[in-house]
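The structure displayed is predicted, hence computed values, not measured ones.
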Amino acid sequence: MFKPLALYAVLAGQVLADSTPRFEPITVPKHVYDGGWEHFVGGGLAVLDCDGDSRLDLVAAGGSNPAMLLQNVSADGGAVAFVDATPPALKITGTTGAYPLDFDGDGTLDLVVLRVGADIMLHGLGGCDFEAIPWDFEDRWSTAFSATWEAGQSRPTLAFGHYVDRADPEGPFEACDINTLWRPTASGYAATPLTPGHCALSMLFTDWARTGRADLRVSNDRHYYVRDGQEQLWAMEDSPRLYTEDDGWDRHMLWGMGIAARDLDRDGRDEVFLSSMGDQRLMHRAEATPTYVDVPFDVGSTAQRPYIGDDGRPSTGWHIAFGDVNNDGRDDAFIAKGNVQQMPGNAMEDPNNLLIAQGDGSFAEAGNTAGVASLHRGRGAALADFNGDGLLDLAVVNRRAPLEVWQNVTSTNGQWLSVSLTQEDGNAQAVGAWIQVDDGTSVQAREITVGGGHAGGMAGPQHFGLGDANAVKLRVRWPHDGWSEWQDADANQHLRIAR
C-alpha cells in the first residue's frame with residue numbers, strides 16, 4: 001500500500017518561509033491547435049533546446065493549422081519570452097504531436113512529428129532548423145510515441161501508437177488500429193506490429209523494475225475499444241510480449257490519455273499517474289511484480305471534477321507532468337484538462353489542476369490561486385525552467401484556443417539542482433540512465449525517458465527541488481551499466497555531467 005507518511009516524516013522539518021505557488025501569464029505568438037474529429041485528441045508540445053543556447057524552445061502541434069516552433073529568447077533569470085521561428089520543415093498541417101530525441105547521436109536534437117497521415121522524422125540542423133529524414137511511414141492516425149536504446153544498440157528503438165483505424169468501414173467504435181515497433185537492424189530498421197492495439201493515446205518506455213531493461217507501457221482509450229481492451233505493458237524481449245495476470249499484471253480499463261512516472265514516496269519504485277475521463281489514476285507498485293494499485297482517495301490526486309465553477313460533471317484529463325514548482329523538496333503534479341469537444345457527460349468548464357504535495361504526503365489543489373486554472377480545452381503541456389532561474393514554468397497547448405505560457409514567480413527560499421547528462425555512444429542524451437540525488441534525508445531518483453505525456457515530451461535538464469538542502473550527493477547509473485561513485489554538488493546550479 002502507498003504510505004506517503006513514510007517519506008514525508010523525514011521532510012517535515014523543511015518548512016519554507018513562503019512557497020505558495022504563483023504564476024503569471026506571458027504573451028507569446030498566437031498558436032491554436034484545431035481541426036475536426038481526427039484532432040479531438042492530440043495537441044502535443046515538444047520541449048527542447050534546438051539552437052544550443054541552453055534555453056528550452058517549444059514545438060506545438062497544430063492539427064489543421066501549421067505546427068509552430070517558438071524560440072526561447074528569455075533573459076537569464078528574467079522575463080520569459082518566445083518568438084515565432086518556425087522553419088519550413090515544420091510548416092505542415094495534420095500534426096498531432098511531437099517528441100524530441102537525438103536520433104543519430106550527433107549532439108543536435110531531432111524531432112519525431114506525429115500526424116494524421118504519414119508521420120515525419122526531422123533531422124536537427126542546429127539553429128532551430130530541420131530537414132526531413134526519409135522513412136517508410138504508413139498513412140495512419142498517430143497519437144503516441146516513445147523511444148529507448150536497447151542493450152548493444154547505437155540507434156534507438158521507436159514505438160508509435162496509432163488510434164482509430166480510419167480505413168475500417170465498421171468504425172470508429174471497436175476499430176482501434178495496431179501499434180508499431182521499429183527496431184534497428186544491421187541494414188536499417190524493421191517494423192514489428194504490436195497487436196492487439198486498443199487506441200493508444202500515450203506510450204512510455206520505462207525501466208519500471210530497475211533491471212536495466214525498459215519495457216513499453218501503453219495507455220489506451222476505452223471510448224473506442226469499448227469492451228475487450230485494457231492498459232498494456234510490453235516486455236521488451238527478443239519477441240515483445242504482453243505482461244499478463246500470470247506475471248502479476250492487473251487488468252485496468254480506462255479512458256487513458258497520458259502517462260507520468262515518478263518515485264513520489266522514494267521507496268525505489270516509481271508511481272504511475274494516468275490521466276483519464278473522470279478519475280485520474282495515481283498508482284503505486286507495492287511488489288516486485290508489475291502489480292499497480294490505486295492510492296487511497298484521500299491522497300487527493302483523483303481530480304475527478306472541476307474545483308471552481310458550477311459544472312459538476314466529470315473532468316477530462318490529458319497531459320500529466322510531475323515537477324517541484326516551489327522547490328520545497330516534494331514533487332507536485334500538473335494536469336491539463338478540457339472536454340474532448342462537446343461530450344455532454346463531461347464538464348465543459350474544466351480547469352487545469354496544479355496539485356501541490358503536502359507535508360503529510362497528500363496533494364492540495366492550487367490551480368486557481370496559482371493562476372493556471374485556464375478553462376480552455378487543454379491538451380499537451382510542459383513544466384520546464386524557461387529562463388534558468390531555478391523555477392519550473394508552464395506551457396499548455398489548447399484546442400481551439402491560443403497556446404498559453406505562464407512564468408513561475410513563486411517567492412520561495414527552496415533550493416534546487418538542474419542536471420543534464422551526455423555521452424558518446426550514439427545515445428547522446430543517455431536515455432535510460434538514472435540519476436539519484438541524496439539530500440541527507442532521502443534519495444530522489446529520476447529516469448531519463450522519451451515518451452509519456454499526451455502527444456508530446458521534453459528533452460532537457462532534470463530539475464530537482466531540494467527544500468532547505470544547500471548541498472547534496474548525486475550519482476548516475478548510465479544506460480546498461482553500473483552506478484557511478486557518489487559526488488558532492490552545491491545547490492542552485494545547472495550541472496552538466498559527461499560520461
Side-chain angles (χ1 to χ4, degrees), residues 14 47-49 52-57 72 76-77 100-102 107 109 148-149 206-207 210 214 260-264 266 268 270 321-332 382-393 408 412 414-425 427-453 457-499:
Q14 297 185 6
V47 182
L48 72 161
D49 177 8
D53 65 355
S54 298
R55 290 185 293 234
L56 294 170
D57 311 294
N72 190 340
D76 289 341
L101 79 161
D102 187 351
L109 284 164
T148 191
W149 270 257
T206 176
D207 182 7
R210 302 197 185 185
R262 186 66 57 88
D263 184 4
L264 298 176
R266 304 186 192 174
D270 276 2
F322 285 118
D324 187 350
V325 300
N326 54 6
N327 289 334
D328 64 356
R330 300 187 286 258
D331 276 309
D332 312 303
L383 282 173
D385 183 358
F386 293 133
N387 61 349
D389 65 353
L391 290 171
L392 293 176
D393 308 300
N408 189 338
T412 175
Q415 315 302 311
W416 55 274
L417 184 67
S418 172
V419 182
S420 298
L421 304 181
T422 62
Q423 59 176 21
E424 297 181 352
D425 69 347
N427 178 8
Q429 290 195 302
V431 174
W434 286 85
I435 304 169
Q436 286 187 340
V437 173
D438 185 351
D439 63 10
T441 58
S442 62
V443 176
Q444 298 188 55
R446 196 75 52 80
E447 183 183 14
I448 309 299
T449 61
V450 177
M458 184 172 75
Q462 295 295 314
H463 175 271
F464 295 85
L466 302 178
D468 59 6
N470 293 311
V472 297
K473 293 182 181 295
L474 65 86
R475 64 175 183 169
V476 176
R477 194 190 80 183
W478 297 97
H480 313 297
D481 202 351
W483 287 99
S484 68
E485 297 296 324
W486 288 100
Q487 59 180 294
D488 296 322
D490 292 330
N492 303 327
Q493 65 167 317
H494 301 278
L495 189 62
R496 187 178 180 88
I497 303 175
R499 187 171 185 176

Next on the checklist: Looking at G107, is its backbone amide N or carbonyl O close enough to the side chain of D102 to form a donor-acceptor pair, meaning the two atoms are under 3.5 Å apart?
Outcome noted: yes
Checklist entry - What's the spacing between I448 CD1 and T206 OG1 if we round to 0.5 Å? => result 11.5 Å
Next on the checklist: Checking the side chain of D324 only, and the main-chain atoms of F464 only, is there a donor and an acceptor separated by less than 3.5 Å?
Outcome noted: no
Checklist entry - Do any N or O atoms from the side chain of H480 and from the backbone of W149 form a donor-acceptor pair under 3.5 angstrom? => result yes
Item to check | Taking every non-hydrogen atom, the tightest pair across P100 and G457 | outcome: CD-O, 3.4 Å
Checklist entry - Are any side-chain N or O atoms of D488 and backbone N or O atoms of A471, one a donor and one an acceptor, separated by less than 3.5 Å? => result no
Checklist outcome for this item: Residues passing the salt bridge (Lys or Arg N to Asp or Glu O under 4.0 Å) test with D53, sequence neighbours excluded, are R55
Checklist entry - Should V472 and L466 be marked as a side chain to side chain contact (heavy atoms under 4.5 Å, CB included) after you check the CA-CA gap, both sets of side-chain angles, and the distance that decides it? => result CA-CA 9 Å; V472 297; L466 302 178; 3.9 Å; yes
Next on the checklist: Taking side chain to side chain contact (heavy atoms under 4.5 Å, CB included) as the definition, give me every residue that meets it alongside Q487, ordered by chain and number, with sequence neighbours left out.
Outcome noted: L474, I497
Item to check | Any donor-acceptor N/O pair, D207 side chain to E447 backbone, under 3.5 Å | outcome: no
Checklist outcome for this item: In terms of heavy-atom contacts, G460 and L56 come closest through CA-CD2, 4.2 Å
Checklist entry - N492 side chain to W416 main-chain N or O, any donor-acceptor pair under 3.5 Å? => result yes
Checklist entry - Nearest 0.5 Å, what's the NE2-CG distance between H463 and L417? => result 8.5 Å
Next on the checklist: Please determine whether side chain to side chain contact (heavy atoms under 4.5 Å, CB included) holds for the pair Q423 and D481, giving the CA-CA distance in whole Å, both sets of side-chain angles, and the decisive distance to 0.1 Å.
Outcome noted: CA-CA 13 Å; Q423 59 176 21; D481 202 351; over 6 Å; no
Next on the checklist: Please determine whether side chain to side chain contact (heavy atoms under 4.5 Å, CB included) holds for the pair R262 and R446, giving the CA-CA distance in whole Å, both sets of side-chain angles, and the decisive distance to 0.1 Å.
Outcome noted: CA-CA 7 Å; R262 186 66 57 88; R446 196 75 52 80; 3.3 Å; yes
Checklist entry - Is it true that a side-chain atom of S484 and a backbone atom of V476 form a donor plus acceptor pair closer than 3.5 Å? => result yes
Checklist entry - Does any N or O in the side chain of D270 come within less than 3.5 Å of the main-chain N or O of A261, such that one atom is a donor and the other an acceptor? => result no
Next on the checklist: Measuring only between side-chain heavy atoms, which start at C-beta, is D49 closer than 4.5 Å to D57?
Outcome noted: yes
Checklist entry - Please walk me through it: do D439 and Q415 pass side chain to side chain contact (heavy atoms under 4.5 Å, CB included)? => result CA-CA 11 Å; D439 63 10; Q415 315 302 311; over 6 Å; no
Next on the checklist: Can you tell me how far apart CZ (R499) and CG (N427) are? Round to the nearest 0.5 Å.
Outcome noted: 9.0 Å
Checklist entry - Which heavy atom in A384 sits nearest to a heavy atom in V47, and how many Å separate them? => result CB-CG1, 4.3 Å
Next on the checklist: So, taking the atom named OG in S54 and the one named CG in D385, what distance separates them when rounded to the nearest 0.5 Å?
Outcome noted: 11.5 Å
Item to check | Where L421 and A430 come nearest, the two heavy atoms and their spacing | outcome: CB-CB, 4.0 Å
Checklist entry - To the nearest 0.5 Å, what is the distance between CG (L391) and OG1 (T412)? => result 7.5 Å
Next on the checklist: To the nearest 0.5 Å, what is the distance between CG on N72 and CG on L48?
Outcome noted: 10.5 Å
Next on the checklist: Check D438 with R475, please: is the shortest side-chain N to carboxylate O separation under 4.0 Å?
Outcome noted: no
